[in-house]
Amino acid sequence: VFVLCVSCVNYNYEISINLKSCVPISYNSNIIGSGVIVSCKEDSVYILTAKHVAVIPDISVIINNEAIKAEVIYHTKLDIALLKCTSASLVAPVTYQISNPRPLEIVYTVGYPLGIGQVITTGIINHSVTNISEGGWLCSSPAMPGNSGGGVFNSKGELLGITVCIVYIENNNTEIPVPHLQVFIPI
């Protein structure tokens with residue numbers, strides 16, 4: 001478990017997030033998304049990610065710098081998928097909270113944007129997004145391509161959900177990403 005120390009003006013606190021459980025998803029040696037290890041049993045590792053990341057054939061999960069072929073074992077109509085892979089180097093899974101997030105709750109996102117490596121960002125939960133059939137939540141944490149499937153954690157270090165999309169606005173028939181907004185689906 002890695003400890004993330006956050007210092008703000010007149011306020012210091014620590015949160016613990018198991019960063020080794022936050023893994024990149026790759027295709028042809030390029031990072032295309034992120035995932036979170038939610039279970040390790042014997043030599044089987046289960047990773048939660050976004051469905052739109054997992055539908056690409058022949059994807060791999062990178063665990064302890066080793067690319068391991070992954071199999072999609074479950075996905076629903078939601079933009080969520082569960083990957084299964086076999087690995088000798090087991091990693092402790094994240095702890096998670098199964099409940100609705102609260103507006104104005106501080107959250108931390110972990111992902112692999114643009115393939116540049118693991119990035120941790122912070123933001124707050126704004127409100128549920130009613131026009132998304134998945135029942136997603138809007139969050140002010142920055143997101144970029146590659147963050148999809150990455151974990152959204154509360155201040156206790158518990159997994160709340162995964163990043164599923166970046167918010168875009170349309171300007172003169174051009175979609176422009178809003179860099180400080182994302183939508184995530186609670187687990």
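Just the heavy atoms: all of them, side chains too, but no hydrogens, waters or symmetry mates, feed the values below.
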Practice prompt. Check the hydrophobic clustering (I, L, V, M, F, W, Y; side-chain heavy atoms under 4.5 Å; chains of links allowed) and say if Tyr112 and Ile32 are grouped together.
Written response: no

Practice prompt. Spell out, yes or no, whether Leu114 and Ile31 are grouped together once hydrophobic residues are joined by side-chain heavy atoms under 4.5 Å, including indirect joins.
Written response: no

Any idea which heavy atoms bring [X] and [Y] closest together, and the distance?
{"X": "Cys22", "Y": "Phe153", "answer": "SG-CZ, 3.7 Å"}
{"X": "Asp58", "Y": "Lys69", "answer": "O-NZ, 3.6 Å"}
{"X": "Ala70", "Y": "Cys85", "answer": "CA-CB, 4.2 Å"}
{"X": "Asn147", "Y": "Gly111", "answer": "ND2-CA, 3.8 Å"}
{"X": "His52", "Y": "Ser148", "answer": "NE2-OG, 2.9 Å"}
{"X": "Leu159", "Y": "Gly151", "answer": "CD1-CA, 3.6 Å"}

Worksheet item: Residues sharing Val55's hydrophobic cluster, by side-chain heavy-atom contacts under 4.5 Å among ILVMFWY, directly or via others?
Response: none

Worksheet entry | Residues that, via side-chain heavy atoms closer than 4.5 angstrom, fall in one hydrophobic cluster with Ile62 | none

Side-chain heavy atoms of [X] within contact of [Y], under 4.5 Å:
{"X": "Val61", "Y": "Val45", "result": "no"}
{"X": "Leu160", "Y": "Glu105", "result": "yes"}
{"X": "Val164", "Y": "Lys51", "result": "no"}
{"X": "Leu48", "Y": "Val94", "result": "no"}

Drop me the distance from [X]'s [atom1] to [Y]'s [atom2], to the nearest 0.5 angstrom.
{"X": "Ser87", "Y": "Ile37", "atom1": "OG", "atom2": "CD1", "result": "8.0 Å"}
{"X": "Thr95", "Y": "Asn18", "atom1": "OG1", "atom2": "CG", "result": "8.5 Å"}
{"X": "Ile125", "Y": "Asn154", "atom1": "CD1", "atom2": "CG", "result": "8.5 Å"}
{"X": "Thr86", "Y": "Asp43", "atom1": "OG1", "atom2": "CG", "result": "5.0 Å"}
{"X": "Ile17", "Y": "Ser155", "atom1": "CD1", "atom2": "OG", "result": "9.5 Å"}
{"X": "Leu83", "Y": "Ile68", "atom1": "CG", "atom2": "CD1", "result": "11.5 Å"}

Item to complete: Mark yes or no for whether Ser34, through its side chain, and Gly146, through its backbone, hold a donor-acceptor pair below 3.5 Å.
Response: yes

Worksheet item: Is there a donor-acceptor contact under 3.5 Å from the side chain of Ser140 to the main chain of Gly123?
Response: no

